[in-house]
Engineer: 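Just passing along the structure, written as structure tokens.
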Amino acid sequence: MEINFIPIDYDYFDWQGKNYAKIIGRTEQGKSVCVIDSCPIYFWAILKQKISELKIRQIQQKIEKIKIKSPSRISKVLKTEIHSKKFLGKSVKAIKIFVTNYKDAHAIAGKIGMKEINKRREYDLGYITKYIIERKLKPLQWCKIQGKILNNSQKFGFLDANLNVDLVLEAEKISETAQKNFSPKILAYDIETDELEIGKGEILMISLVGENFKKVLTWKKYQTKLNYVECFKDEAEMLESFVKYVKEYSPDILTGYFSDGFDLPYLRARAEKNKIRLNLGIDNSQPKFSRGRILTGKINGIVHIDLLRFIRNAYSQYLKSETLSLNEVAGELLEERKLKFSPLEQVKLKKPNWEKFFEYNLQDSVLVYKLIQKAWSDLLEITRIIQEPLFNISRNTMANNFEELIIHNLHKFNEIAEKHPTHEEIGERRMRPKYEGAFVFQPIPGLYENICFFDFTSMYASVIVSYNLSRSTLTQKKNKTDLYQGELDRKKIYFTKEQGFVPELLKEIIIKRKQYKKEYNKNPNPITKARSNAYKLLANAAYGYQGFFGARYYCVEAASSTAYFARKNLKQVMEQLKKQNFDLIYGDTDSIAFKLNKHTKKQTLQLLNKINKKLPGIMELDLEDFYKRGIWVTKRTGEFGAKKKYALINEKNKIKIRGFETVRRDWCNLARQTQNKILNLILTTGNEKKALQYLKQIIKQIKKREIPLKQLIIRTQLKKPINEYKSIPPHVTIAKRMQEQELPIDIGMLIEYYISETENKKALVRERAKMPNEKGKYDIKYYLNNQILPAVENIFEVFKINIKELVEGKQQKKLGDFN
DNA sequence: TCCCTACCGTGATG
DNA sequence: GTACATCACGGTAGGGA
């Protein structure tokens, strides 16, 4: 039997002491298939230099005798082979040690302590990772599989009989085939409960949304006109029906939002309470939760995706949303929001508005369903590039993905994989002091006209490639003719010029990114965009990866040298611009802002071209944009220009604001909006007159208490448990109060408060902080002096206007128009 | 008690 | 609590006058 097959979910099991991979996927016709397969299990013992062949033979014989007994099996070394390999770029001789069961590889490696053996490696790779590398059955990539059908066969203990799939195949031959698109069957779900703590309350309803499929399941007896609502006798019956519907729909992917941390564990807890099996798995197994720092829910045969985690890891830095709540993210990506409804208030009512409740519950699943449609091409693309299962890809950080990309490509370099750092190694790495990072140019405050911005494309990644910065290229040699000279803690360090595998893989990524970006610009569609985006995300992760204490290929020398070469190149370009009589305004890490002065745009671009020709390796300087006007301000403390704070207007009148309070969520809306408006007015008109008028009007409104409280709410995130705070800022005080009132508080929550007036004028800010629903008068002085003034003071200072007097009202009679 | 400053905490930039 | 360093700024804690 031969089929075209796309692998979706991976799992493995033991049969008679041996490991087997169990891969769930589909045929072109959409039939669900389970493929059973296996691969040799081995790890490496890397030999020291100059060991005699006789000695190696003796070591092999010793190793081949190793046996390990565990309660469930006897594991042993099957055979050994000698190979010429590379480890960290250096040629080595290594013994390939084949074992019966991968779970014992670690223990067997522990028994190999001969003094001739330098290192043992690859006993810490996961079985699925090894399997994918060995058998090239790559996630979400179409392939041809020849094999034997298992039909109620005794083999594997009647495993096929308990699988809800159309076909079970034992693979014999796997071969490549042309790639086509793949649209998985997706089901989104969401639950509503009357208590937030997992399992404490009851699940009131569950919504399910798929293609031409929508349901709300509930046990609240209620007559409804909504045809998608189904009512059940009790919670138990509803849960059983949920399982039934999921199985009938037979999705490839079951997805929720924060469902790792809430929906799935809640369902599991309530099923237990009701003594029901939540047998969602394709083998009728229940969801399994891995107890890491963060809960992770896995369902056999169905890829459970917590979309929040993917969005956080892949998209968050590119989103404008201030929180990653479903409401905000959907608002930004879909221009659609959650229904306005407050479930936790409703459940406290005697007669909740069930009709609205059902609609609200359904809408959440609708949003998740639409969001994953948007994310799908990225998920598919990243999965195909990294070659790890979708379940992992959807939860991995980008640094994590980068490491797995390396692991899956090592065979191209004949490299043996480096191991994970041990606890002690991680501890040491974390102890080391910080290395010098990016260069930031000290701006001179002012309003500038005719500005040009250049920036380096993927600067850090292109530096790593151009200077060959990595663990395997770091060298002790000091023969300066064929080495790159980097820096760590002001000491010189060296990298060979012979290309290392990390820079080479990164180079491929950058080249593909450029290629796909071109393709996208020519032919903009979700696929080309996703491809281009996926490569960009990966390239950006490479620098952080090498400086990350948990990385297999950690190399602080490479990380610090990356920053060093970036500083050097940025400063060099700055010098060139200065020599050509451009006035520098600003620069940060990989960007440069300067005044055109008497130069034309054409001349400027010609210079850009000239600079590019001299840049090392694949480094590239790009035109970011031309701007009509821009403003840089002083720091609140000190007379110097503030870094990382500026605002620009381009020739299409598009405004770009960086670092100002306007873009910071921990300032009240009034301060943010006032500042935004003032920056807008100044940038569009080129002077401060209208802005000043506007400010006066706002100040008047504050003093007359005309500002609605909503505009004055300050939001600050609670980042750790309350008792871990050394000093107690206002938002922690409020969090404590909320806790006392048994309001739900959680790490990561945005705490809202406003500052009220009190008798005691000297009270600390936190003593004046009140929850939004607490009665009180907002403190006029606080909002003037601590919110509005700091937000606008430095902007007007550019025009030599002292706002302080205006705000405090010292000269109010003179200025006349408010009191 | 007042005043100053170091440090904490958050959230930006790139 | 798991990619990096740099920076601004409000607020508190705590010591010295």
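So you know, we letter chains A, B, ... as the sequences are listed, proteins then strands, and number each from 1. As a basis for the values below, the full set of heavy atoms in this structure was taken, side chains included, without hydrogen atoms, waters or symmetry mates. These figures come from a predicted structure and were not determined experimentally.
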Engineer: Round to the nearest Å and state the distance from A:N400 atom CG to C:dG1 atom P.
Structural biologist: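 Taking atom P of C:dG1 as the reference, CG of A:N400 is at 18 Å.
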Engineer: How close or far is atom P of C:dA5 from atom NZ of A:K644, stated in whole angstroms?
Structural biologist: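 In whole Å, C:dA5 P and A:K644 NZ are 13 Å from each other.
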Engineer: Using only atom types and a distance under 3.5 Å, with no angle test, would you say the side chain of A:E404 pairs donor to acceptor with the backbone of A:E388?
Structural biologist: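 Flag not set: sc A:E404 to bb A:E388 has no pair under 3.5 Å.
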Engineer: Side chain of A:V663: nearest nucleotide among C:dC7, B:dT13, B:dT10?
Structural biologist: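 Selected nucleotide (nearest to the side chain): B:dT13.
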Engineer: Within less than 4.0 Å of OP1 or OP2 of B:dT10, is there a side-chain N or O belonging to A:Y725?
Structural biologist: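 Affirmative; the distance criterion is met.
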Engineer: Could you give the distance separating C:dA3 and B:dC7 at their P atoms, to the nearest angstrom?
Structural biologist: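 Roughly 28 Å separates the two P atoms.
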Engineer: Check whether any side-chain heavy atom of A:L679 lies under 4.5 Å from a side-chain heavy atom of A:I655, and answer yes or no.
Structural biologist: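 Sidechains of A:I655 and A:L679: no contact.
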Engineer: Mind checking if A:F402 touches a base, just sugar-phosphate, or nothing, with heavy atoms under 4.0 Å?
Structural biologist: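 Nothing, no heavy atom under 4.0 Å.
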Engineer: Among C:dC9, B:dT13, C:dA13, which nucleotide has an atom closest to any side-chain atom of A:R766?
Structural biologist: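 When the side chain of A:R766 is considered, C:dA13 is the closest of C:dC9, B:dT13, C:dA13.
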Engineer: Would you tell me if any nitrogen or oxygen in the side chain of A:Y646 comes within less than 4.0 Å of OP1 or OP2 on B:dG14?
Structural biologist: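 Looking at the OP1 and OP2 atoms of B:dG14, one of them is under 4.0 Å from a side-chain N or O of A:Y646.
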Engineer: Looking only at non-hydrogen atoms, find the nearest pair between A:S466 and A:I618 and report the distance.
Structural biologist: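 Taking A:S466 first and A:I618 second, the nearest heavy atoms are OG-N, 3.0 Å.
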Engineer: Would one find a side-chain N or O of A:K643 under 4.0 angstrom from OP1 or OP2 of C:dC7?
Structural biologist: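 For A:K643, the contact criterion (side-chain N or O under 4.0 Å from OP1 or OP2 of C:dC7) is met.
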Engineer: Going by the side chain to side chain donor-acceptor pair (under 3.5 Å) test, name the single residue among A:D260, A:N313, A:D306 that passes it with A:R395.
Structural biologist: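 Of A:D260, A:N313, A:D306, side chain to side chain donor-acceptor pair (under 3.5 Å) with A:R395 is met by A:D260 alone.
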Engineer: For the pair made of CG in A:N785 and P in C:dC9, what is the distance, rounded to whole Å?
Structural biologist: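 After rounding, the reported distance stands at 16 Å.
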Engineer: A:F548 side chain: which of C:dT12, C:dA3, B:dG11 is closest?
Structural biologist: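 From the listed options, C:dA3 comes nearest.
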Engineer: Rounding to an integer number of Å, can you tell me how far A:R309 CZ sits from C:dT2 C1'?
Structural biologist: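 Taking atom C1' of C:dT2 as the reference, CZ of A:R309 is at 12 Å.
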Engineer: Between A:R664 and B:dG11, does any side-chain N or O lie under 4.0 Å from OP1 or OP2?
Structural biologist: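 Answer no for this pair, as no side-chain N or O of A:R664 is under 4.0 Å from OP1 or OP2.
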Engineer: Would you say the ring centers of A:F565 and A:Y467 fall short of 6.0 Å from each other?
Structural biologist: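 Yes, they do, as the ring centres are separated by less than 6.0 Å.
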Engineer: Calculate the interatomic distance between A:Y782 atom OH and C:dC9 atom C1'; express it in whole Å.
Structural biologist: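 The distance from OH of A:Y782 to C1' of C:dC9 comes to 11 Å, rounded to the nearest Å.
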Engineer: To the nearest Å, how far apart are A:R672 CZ and B:dG11 P?
Structural biologist: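 So the two atoms are 11 Å apart, to the nearest Å.
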Engineer: Hey, does A:N786 reach any base, or is it just sugar-phosphate, or nothing, if we go heavy atoms under 4.0 Å?
Structural biologist: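 Answer is sugar-phosphate: A:N786 comes under 4.0 Å of backbone atoms only.
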Engineer: Is any side-chain heavy atom of A:V463 closer than 4.5 Å to one of A:M619?
Structural biologist: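 With C-beta onward as the side chain, the pair touches.
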Engineer: Just N and O in the side chain of A:Q546: are any of them under 4.0 Å from OP1 or OP2 of C:dA3?
Structural biologist: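 Checking C:dA3 against A:Q546, no side-chain N or O comes under 4.0 Å of OP1 or OP2.
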Engineer: What interatomic distance, in whole Å, is found between C1' of C:dT2 and the corresponding atom of B:dC8?
Structural biologist: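 Nearest-Å result for B:dC8 against C:dT2 at atom C1': 22 Å.
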Engineer: How would you label the contact of A:A559 with the nucleic acid (heavy atoms, under 4.0 Å): base, sugar-phosphate, or nothing?
Structural biologist: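 A:A559: no heavy atom of the nucleic acid under 4.0 Å.
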Engineer: Between A:Y460 (OH) and C:dT6 (C1'), how many Å, whole number?
Structural biologist: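 Rounding to the nearest Å, OH of A:Y460 and C1' of C:dT6 are 9 Å apart.
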Engineer: So, is A:K719 near the phosphate of B:dT10, with a side-chain N or O under 4.0 Å from OP1 or OP2?
Structural biologist: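 No, outside the criterion.
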Engineer: Classify the nucleic acid contact of A:A642 as base, sugar-phosphate or nothing, counting any heavy atom under 4.0 Å across all strands shown.
Structural biologist: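 The answer is sugar-phosphate, as A:A642 gets under 4.0 Å only of primed atoms, P, OP1 or OP2.
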Engineer: For C:dA3, does either OP1 or OP2 sit under 4.0 Å from a side-chain N or O belonging to A:R430?
Structural biologist: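 The answer is no; no side-chain N or O of A:R430 sits under 4.0 Å from OP1 or OP2.
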Engineer: Atom CG of A:D489 to atom P of C:dA5: distance rounded to whole Å?
Structural biologist: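 Rounding to the nearest Å, CG of A:D489 and P of C:dA5 are 12 Å apart.
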Engineer: Under 4.5 Å between any side-chain heavy atoms of A:R715 and A:I751, yes or no?
Structural biologist: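 They are not in side-chain contact.
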Engineer: Using a heavy-atom cut-off of under 4.0 Å over every strand shown, decide if A:G437 touches base, sugar-phosphate, or nothing.
Structural biologist: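 Since only primed, P, OP1 and OP2 atoms lie under 4.0 Å of A:G437, the category is sugar-phosphate.
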Engineer: Please confirm whether the shortest side-chain N or O distance from A:T397 to OP1 or OP2 of C:dT2 is below 4.0 Å.
Structural biologist: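 No, no such contact exists.
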Engineer: NA contact type, A:E436, heavy-atom cut-off 4.0 Å: base, sugar-phosphate, or nothing?
Structural biologist: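 It contacts sugar-phosphate atoms only.
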Engineer: Honestly, is A:K571 close enough over A:F439, meaning NZ or CZ under 6.0 Å from the six-membered ring centre and within 45° of the axis?
Structural biologist: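 That pair qualifies as a cation-pi contact.
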Engineer: Can you figure out which of C:dA5, B:dG11, C:dC9 approaches the side chain of A:Y435 most closely?
Structural biologist: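 Minimum distance to the A:Y435 side chain belongs to C:dA5.
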Engineer: Between C:dA13, B:dA12, B:dG14, spot the one nearest the side chain of A:R665, thanks.
Structural biologist: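 Output: B:dA12.
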Engineer: So which of residues 726-736 of chain A are in contact with DNA chain B, with a heavy-atom cut-off of under 4.0 Å?
Structural biologist: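 Per residue number, the list reads A:K726, A:S727, A:H731.
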Engineer: Give a yes/no on whether any side-chain N or O of A:K645 is located under 4.0 angstrom from OP1 or OP2 of C:dC9.
Structural biologist: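 Checking A:K645 against C:dC9: at least one side-chain N or O falls below 4.0 Å of OP1 or OP2.
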Engineer: Measure from the side-chain N and O atoms of A:E332 to the backbone N and O of A:S321, and report whether any donor-acceptor pair falls under 3.5 Å.
Structural biologist: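 A pair under 3.5 Å: yes.
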Engineer: When we call it a touch if two heavy atoms are under 4.0 Å apart, what does A:Y554 touch: a base, just sugar-phosphate, or nothing?
Structural biologist: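 It contacts nothing in the nucleic acid.
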Engineer: Categorize A:F549 for me: base, sugar-phosphate, or nothing, with a 4.0 angstrom heavy-atom threshold over every strand shown.
Structural biologist: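 Result for A:F549 = base.
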Engineer: Is a salt bridge present between A:E661 and A:R672, judged by a nitrogen-to-oxygen distance below 4.0 Å?
Structural biologist: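 Judged by the 4.0 Å cut-off on N to carboxylate O distance, A:E661 and A:R672 do not form a salt bridge.
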Engineer: Would you mind telling me which residue lines up with the more 5' stretch of DNA chain C, A:I747 or A:G547, judged by nearest nucleotide?
Structural biologist: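 Between the two, 5'-proximity favours A:I747.
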